Amino acid sequence: MEAVENISSLLGVGKPPVTSKWRVISDGFAIQMFSLLHISDSLIPQMGRTRGESEENPISRLFNLLDEEEGKEFGEVLAWMVKELGVALKKVERGGDQSEDDGSMKKGSGASFSVRSSNVSAAFIQLVHDVATGAPVADNDTLRKSLLVTAVSNFEVLFGKLAEEIYGVNKSALNDSDYTFSLQQLGDFESLEDARQFLVERRVSALMRDSVDGWDKWLSRAVKGVSMAALPVDWKSTREVFARRNIVVHNGGVVNRMYISSLVQAGVAQTDLKLGAQLKIDSDYFSKAVQNILALGMILVAEIGRRLNKEASDELNQGLLFNADAAVRRKAWVASTAITSYLLSGKLNRASQLRAQMLNWVARKGMGDVDRVHKEVTEWDISGLSEEFSHYKAVILGEKEEAIKVVEDLISGGKLALVEVALHPAYAELHDELPSLVARKQAASGSKKAVAAKKATKKVAKRIPRRPVAKEDNE
């Protein structure tokens, strides 16, 4: 049975559901950090390529995984998407949302588009992931230093937003302020709330001039029980990233005593580090640094958000799950491992828990933790689970014969898309079997069409009234 998806909500056109400010903050930060990974992993290497060396176009790659009918439907989806983006661009140019009084969009904007094939739906979702996070790039130390500064700055902006939200909820946190207003200053404010907002801005501005360790101390006081050092991220490495950012900005990346002192305080090993040496930022260091900051930021938003607003907990979990999957798709193993570890330590519904566990295994396997992952998956009790989840056991363990059989059954039943198998890293060990899977899928599709056509012909034939046989005239 093929799934029917409405992709309006995926693009955020039309009238999207109301999203909490916590999810908006989290997703905005994730997009920024994924963009930096994309620049480092994809765009920098491509700068040195000739046109003929460029990788396959991601849209062409998706079309190659679809049969003729699906390809036609996917083309219609792309045409719809381009039209909607054009409408959105015109709205931005005119200013305002051009909405009716009842909040609905004017005719011609935000129209929905339904997809009949689950394979086309999966292709569209993959395209959204490619656009949002990039796809798989040489080395440019100078550029990556600038990108590292941007990554840390993104986190600083995020932490500033969170601090404002904390002060907004925990008003008592301002009570110990030593700042006093003169009568003239109070007269400049329209209300007491304006004066309070001014004080919040001053406190946040002062806080942002502190170190990342100072931020963590403030956080543990402002939101009891929350500490960045206690979250499932590599806190030592994250502190080193902030120290390296400072040395890049203030000393051109040349090692000095302040940098070495920062490493000692963070407990980071100082292998072959010499005063006056030029710090390098290669693609591997940059990727791990940005992934650590990405995971730290997203987890921190979720942790603070659910403590200040319990109703946002489920939505924040779904946001984390979506971005953990996005991280796996671009092989950002460090970020996905941290995010899923955090998710698995809390309360999730059964489906989300299984999805998070699968992503965690795939990410850890990608990081080289193969033996422990295989041990855990081998001991995984899949009795009572539907094949939509249980098939991951054979897939992750690399039991190809069993995995291919169940994957084919799921594809033919419309419960799993071929595009997902072809592109998701969870199925990496089955990718050499893709040609045969594609061929059998297309053959099955042709057979289904023939059977459907035969049934349709019979139906039509039954509806055609039979002409009465004329009686012979015996006279």
Side-chain angles (χ1 to χ4, degrees), residues 29 32-49 134 136-160 205-219 227-231 233-297 300 331-335 337-338 367-368:
F29 177 72
Q32 291 175 330
M33 302 305 284
F34 276 129
S35 296
L36 292 175
L37 286 173
H38 176 46
I39 292 171
S40 177
D41 293 345
S42 300
L43 299 185
I44 290 178
Q46 288 178 7
M47 289 167 66
R49 291 180 182 173
V137 230
D139 207 310
N140 190 314
D141 182 68
T142 301
L143 182 52
R144 285 200 176 92
K145 282 178 178 176
S146 298
L147 294 176
L148 184 71
V149 172
T150 301
V152 174
S153 296
N154 286 344
F155 184 84
E156 289 177 345
V157 172
L158 174 72
F159 195 86
S205 179
L207 175 65
M208 299 315 297
R209 289 193 291 271
D210 204 344
S211 67
V212 67
D213 292 313
W215 298 349
D216 197 39
K217 290 177 182 177
W218 171 85
L219 183 63
S227 170
M228 291 186 283
L231 299 178
V233 294
D234 189 340
W235 181 236
K236 287 184 180 180
S237 295
T238 301
R239 293 170 73 191
E240 188 281 329
V241 171
F242 276 78
R244 186 170 298 210
R245 175 265 183 194
N246 290 338
I247 203 69
V248 167
V249 171
H250 302 297
N251 207 41
V254 177
V255 175
N256 60 14
R257 288 179 175 80
M258 287 184 64
Y259 175 70
I260 293 176
S261 176
S262 298
L263 297 191
V264 172
Q265 291 178 18
V268 178
Q270 307 166 51
T271 307
D272 299 327
L273 193 61
K274 297 179 180 179
L275 286 172
Q278 179 67 239
L279 290 174
K280 299 293 183 182
I281 298 179
D282 58 21
S283 58
D284 184 57
Y285 174 90
F286 180 84
S287 178
K288 289 179 181 177
V290 172
Q291 288 185 57
N292 259 321
I293 296 173
L294 165 64
L296 175 61
L300 189 60
K331 300 181 181 179
W333 311 126
V334 172
T337 298
M367 291 175 68

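Remember, predicted model here, so these are calculated numbers, not experimental data.
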K.L.:
Would you check if the side chain of D216 reaches a backbone N or O of S227 as a donor-acceptor pair within less than 3.5 Å?
P.N.:
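No, because the side chain of D216 does not come within donor-acceptor range (under 3.5 Å) of the backbone of S227.
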K.L.:
What distance do I44 atom CD1 and I39 atom CD1 have between them, rounded to the nearest 0.5 Å?
P.N.:
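The distance works out to 7.5 Å.
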K.L.:
Is there a side-chain contact between L36 and N154 in this structure, where contact means two heavy atoms from C-beta onward sitting under 4.5 Å apart?
P.N.:
yes
K.L.:
Going from CG on L275 to CD1 on I260, what distance comes out if it is rounded to the nearest 0.5 angstrom?
P.N.:
4.0 Å
K.L.:
Think R245 forms a cation-pi with F155, using NZ or CZ under 6.0 Å from the six-ring centre and within 45 degrees of its axis?
P.N.:
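No; the conditions do not both hold, so R245 does not lie above the ring face of F155.
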K.L.:
Take atom CE in M258; do more than 12 heavy atoms of anything else shown fall under 6.0 Å from it?
P.N.:
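Counting neighbours around CE of M258, 12 or fewer heavy atoms of other residues, nucleotides or ligands fall under 6.0 Å, so no.
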K.L.:
Counting only N and O atoms by type, is there a donor-acceptor contact under 3.5 Å from the side chain of W218 to the main-chain atoms of L207?
P.N.:
no
K.L.:
To the nearest 0.5 Å, how far apart are CD1 in I293 and CG in D234?
P.N.:
11.5 Å
K.L.:
Can you tell me how far the OG atom of S211 sits from the NZ atom of K217, to the nearest 0.5 Å?
P.N.:
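Here the interatomic distance stands at 7.0 Å.
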K.L.:
Hydrogens and angles aside, do S283 and R144 bring a side-chain donor and acceptor to less than 3.5 Å of each other?
P.N.:
no
K.L.:
Where is the tightest heavy-atom contact between W215 and D210, given as atom of each residue plus distance?
P.N.:
NE1-O, 3.3 Å
K.L.:
Do N292 and S237 have side-chain N/O donor and acceptor atoms under 3.5 Å apart?
P.N.:
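No donor-acceptor contact under 3.5 Å links the two side chains.
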K.L.:
Could you give me the CA-CA distance, side-chain angles and deciding distance for D284 and K288, then say whether salt bridge (charged side-chain N to carboxylate O under 4.0 Å, His left out) is met?
P.N.:
CA-CA 6 Å; D284 184 57; K288 289 179 181 177; 3.6 Å; yes
K.L.:
Can you find a pair of side-chain heavy atoms, one from V268 and one from R239, that are under 4.5 Å apart?
P.N.:
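Side chain of V268 against side chain of R239, heavy atoms only: no contact under 4.5 Å found.
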K.L.:
Testing the 3.5 Å rule here: is there a donor-acceptor pair between the side chains of Y285 and R244?
P.N.:
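Yes - a donor-acceptor pair under 3.5 Å links their side chains.
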K.L.:
Of all residues at least two apart in sequence or in a different chain, which pass the side-chain hydrogen bond (donor to acceptor under 3.5 Å, both in side chains) check with S261?
P.N.:
none
K.L.:
To the nearest 0.5 Å, what is the distance between OG on S153 and CG on L158?
P.N.:
12.5 Å
K.L.:
Any side-chain heavy-atom pair from F159 and V212 closer than 4.5 angstrom?
P.N.:
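A side-chain contact under 4.5 Å is absent here.
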K.L.:
Could you check whether any side-chain N or O of Q291 sits under 3.5 Å from a backbone N or O of W333, counting only pairs where one atom can act as donor and the other as acceptor?
P.N.:
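Yes: the side chain of Q291 pairs with the backbone of W333.
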